[in-house]
Amino acid sequence: MAKLNFGGTEENVVTREEFPLAKAQEVLKNETVAVIGYGVQGPGQALNQKDNGINVIVGQRKGTKTWDKAVNDGFVPGETLFEIEEALEKGTIICYLLSDAAQIELWPTVKKHLTKGKALYFSHGFGITFKEQTGIVPPADVDVFLVAPKGSGTSLRRMFLQGRGLNSSYAIFQDATGKAKERVISLGIAVGSGYLFETDFRKEVFSDLTGERGTLMGCIQGVFAAQYDVLRANGHSPSEAFNETVEELTQSLMPLVAENGMDWMYANCSTTAQRGALDWWKRFRDATKPVFEELYNSVATGKESQRSIDLNSQPDYREKLNVELKELRDSEMWQAGKTVRSLRPENQVVEA
């Protein structure tokens with residue numbers, strides 16, 4: 001394990017150089033990894049493990065779209081694809097990758113199959129951290145840990161196929177066998193992590209819920225909408241407003257930030273852009289920091305988790321969700337985005 005210094009703060013990280021795939025394969029050679037759930041994280045994690053030579057099976061309800069997806073992805077019914085209870089029985093490591101609400105519903109069934117020495121694997125600290133709300137309390141004689149890729153399952157799979165890794169956090173909640181650490185690190189490598197940084201279940205879910213509602217999804221959509229609306233109200237065309245709000249950021253500037261940091265991106269823009277960004281960034285920080293403090297408090301006190309459980313457990317939650325997503329999709333800004341994306345060179349059909 002390496003120690004990295006971040007401005008005076010040391011963190012434990014594990015890289016693929018010090019913990020190569022061959023070592024992970026050796027640790028997991030006698031394990032059967034049962035991936036329960038084939039929705040958001042399940043496909044990427046299952047397929048990456050499969051391609052990395054891990055004995056992985058999928059547990060899913062027969063006759064569902066996700067069962068069919070698993071079949072199309074190469075999992076064979078009766079060999080590597082099973083009904084959930086059969087997969088739970090066969091698995092020595094249970095990768096519990098259902099949605100948070102679905103995890104609560106299925107928990108009594110899962111717990112029944114968590115016999116001594118098995119491991120329970122999460123990619124989110126939600127169920128364990130908010131156990132008063134979820135009722136998820138594992139038996140004392142099983143390992144409990146998490147690997148949380150810092151991105152969607154789609155990104156995890158795409159980067160794996162490109163020969164790259166998506167950074168992940170890892171945490172151990174319970175080490176019943178004395179092997180929890182080597183098991184969790186091995187799984188982190190097997191699912192396609194770039195490097196692994198240490199956390200705990202509580203910090204993982206607090207940062208994750210804050211990030212999703214904040215800069216990763218909620219805040220950025222709000223900021224996009226605010227700037228787009230101001231530009232449109234002042235006579236700018238949809239194309240101009242979208243390009244200046246979203247397209248330039250995602251296609252030109254964020255790749256520069258990812259490459260070498262925000263200061264480097266600033267240094268590679270015009271002096272006028274530099275001056276304006278340096279003059280205004282602290283005003284945006286000061287304006288939004290109270291909102292982030294309110295958000296973090298809402299996460300830490302369990303308000304966000306309870307709202308998620310209450311709404312996502314309703315029988316018509318998908319229908320209600322689709323209404324809200326349709327509002328985004330049908331907004332002028334994202335309709336403009338659809339048109340702009342179609343005009344990117346890679347999306348153009350050029351006739352000979």
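In this text, all values refer to a predicted model and were calculated from it rather than measured experimentally.
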If we ignore angles and hydrogens, is there a donor and acceptor under 3.5 Å between the side chains of Gln41 and Ser123? no

Mind checking whether Leu21 and Arg16 have side chains closer than 4.5 Å, heavy atoms only? no

Determine whether the side chains of Gln133 and Ser305 contain a donor N or O and an acceptor N or O closer than 3.5 Å. yes

Could you tell me whether the side chain of Gln274 and the main chain of Cys269 form a donor-acceptor pair under 3.5 Å? yes

Closest non-hydrogen atoms of Ala34 and Ala87, given as atom of the first, atom of the second and distance, are CB-O, 3.5 Å

Heavy-atom count check: over 12 atoms from other residues, nucleotides or ligands less than 6.0 Å from Glu294 CD? no

Transitively linked via ILVMFWY side-chain contacts under 4.5 Å: Leu249 with Met333? yes

Heavy-atom pair of closest approach, residues Phe122 and Ile136: CZ-CG2, 4.2 Å

So, do Val137 and Trp107 sit near enough that their side-chain heavy atoms are less than 4.5 Å apart? no

Side chain to side chain contact (heavy atoms under 4.5 Å, CB included) between Glu244 and His236, worked out: CA-CA 10 Å; Glu244 290 294 341; His236 298 270; over 6 Å; no

Could you check whether Glu304 pairs with Arg307 (Lys NZ or Arg NE/NH1/NH2 to Asp/Glu carboxylate O, under 4.0 Å)? no

Steps toward side chain to side chain contact (heavy atoms under 4.5 Å, CB included) verdict (Val147, Ser193): CA-CA 9 Å; Val147 172; Ser193 301; 4.2 Å; yes

Side-chain donor-acceptor contact under 3.5 Å, Ser237 with Ser239: no

Are Phe224 and Trp281 connected into the same hydrophobic cluster when the rule is that any two of I, L, V, M, F, W, Y join if their side-chain heavy atoms are below 4.5 Å apart? yes

Side-chain donor or acceptor of Asp143 paired with backbone N/O of Asp175 under 3.5 Å: no

For the student: nearest non-hydrogen atoms of Ala46 and Tyr38, plus distance: CB-CE1, 4.1 Å

Is there a side-chain contact between Leu28 and Asn55, using heavy atoms and a 4.5 Å cut-off? no

Is Arg158 atom CZ crowded by more than 12 heavy atoms from other residues, nucleotides or ligands, each under 6.0 Å away? no

More than 12 heavy atoms of other residues, nucleotides or ligands under 6.0 Å from CD of Glu105: is that the case? no

Is Asn48 reaching over with its side chain to a backbone N or O of Val191, donor-acceptor style, under 3.5 angstrom? yes

Donor-acceptor pair, side chain of Gln103 and main chain of Tyr96, under 3.5 angstrom: yes

Glu31 with Lys118: basic N within carboxylate O range, under 4.0 Å: no

Minimum heavy-atom distance between Val71 and Pro77, given as atom pair plus value: CG2-CG, 4.0 Å

Do Ile185 and Phe173 share a hydrophobic cluster, counting only Ile, Leu, Val, Met, Phe, Trp and Tyr and linking them when any side-chain heavy atoms are less than 4.5 Å apart? no

Side chain to side chain donor-acceptor pair (under 3.5 Å) evaluation trace for Thr64 with Thr66: CA-CA 5 Å; Thr64 63; Thr66 44; 3.1 Å; yes

Are Leu81 and Ile93 linked, directly or through intermediate hydrophobic residues, by side-chain heavy-atom contacts shorter than 4.5 Å (ILVMFWY only)? yes

Glu17 atom CD, neighbour heavy-atom count above 12 within 6.0 Å: no

So, for Thr215 and Ile220, which heavy atoms are closest and what is the spacing to 0.1 Å? O-CB, 3.5 Å

Mind checking the CG-CD spacing from Asp51 to Gln49? Nearest 0.5 Å is all I need. 10.5 Å

Ring-face cation of Lys90 near Phe82 (centre distance under 6.0 Å, axis angle within 45°): yes

Count the heavy atoms belonging to other residues, nucleotides or ligands that lie under 6.0 Å from CD of Gln335, then report whether that count exceeds 12. yes

So do Thr129 and Phe206 actually touch side chain to side chain, heavy atoms under 4.5 Å? yes

Does Tyr195 offer a backbone N or O that forms a donor-acceptor pair with the side chain of Asn167 under 3.5 Å? yes

Around atom CZ of Arg232, are there more than 12 heavy atoms of other residues, nucleotides or ligands at under 6.0 Å? yes

Could you give the distance from CD (Glu212) to OG (Ser308), rounded to the nearest 0.5 Å? 9.0 Å

Answer yes or no: does atom CD of Glu293 have more than 12 heavy-atom neighbours from other residues, nucleotides or ligands under 6.0 Å? yes

Looking at Glu11, is its backbone amide N or carbonyl O close enough to the side chain of Glu198 to form a donor-acceptor pair, meaning the two atoms are under 3.5 Å apart? no

Which atom pair, heavy atoms only, marks the closest approach of Trp334 to Arg329? CB-O, 4.1 Å

How long is the straight-line distance from CD1 of Ile128 back to CG of Leu146, given to the nearest 0.5 Å? 9.5 Å

Run the side chain to side chain contact (heavy atoms under 4.5 Å, CB included) check on Ile309 and Asp100 step by step: do they pass? CA-CA 7 Å; Ile309 292 168; Asp100 294 320; 5.8 Å; no

With a 4.5 Å cut-off on side-chain heavy atoms, are His124 and Asp208 touching? yes

Candidates Leu187, Thr15, Val14 - the one meeting side-chain contact (heavy atoms from CB on, under 4.5 Å) with Leu196: Val14

Taking side chain to side chain donor-acceptor pair (under 3.5 Å) as the test, write out the residues that go with Trp67, two or more places apart. none

Does the separation of the ring centres of Phe130 and Phe126 fall below 6.0 angstrom? yes

Distance check, rounded to the nearest 0.5 Å: Asn297 atom CG versus Phe292 atom CZ? 15.0 Å

Donor-acceptor contact present, side-chain Arg213 to main-chain Met217, <3.5 Å: no

Going only through I, L, V, M, F, W and Y residues with side-chain contacts under 4.5 Å, is there a path from Val144 to Ile36? yes

Euclidean distance, Phe197 CZ relative to Lys150 NZ, rounded to 0.5 Å: 5.0 Å

Taking everything shown except Arg285 itself, do over 12 heavy atoms lie less than 6.0 Å from its CZ? yes

Can you find a heavy atom in the side chain of Trp264 that is under 4.5 Å from one in the side chain of Leu256? yes

Take Leu231 and Glu240 through the side chain to side chain contact (heavy atoms under 4.5 Å, CB included) test and state the conclusion after the steps. CA-CA 9 Å; Leu231 290 174; Glu240 184 170 56; over 6 Å; no

Indicate yes or no: at least one non-hydrogen side-chain atom of Tyr121 is less than 4.5 angstrom from one of Val33. no

From CA spacing to verdict: side chain to side chain donor-acceptor pair (under 3.5 Å), Thr199, Glu204: CA-CA 6 Å; Thr199 187; Glu204 190 286 326; over 6 Å; no

Do Arg183 and Thr177 come within less than 4.5 Å of each other through their side chains, counting heavy atoms only? yes

One should read off an interatomic distance between Ile54 CD1 and Thr32 OG1, to the nearest 0.5 angstrom, of 11.0 Å

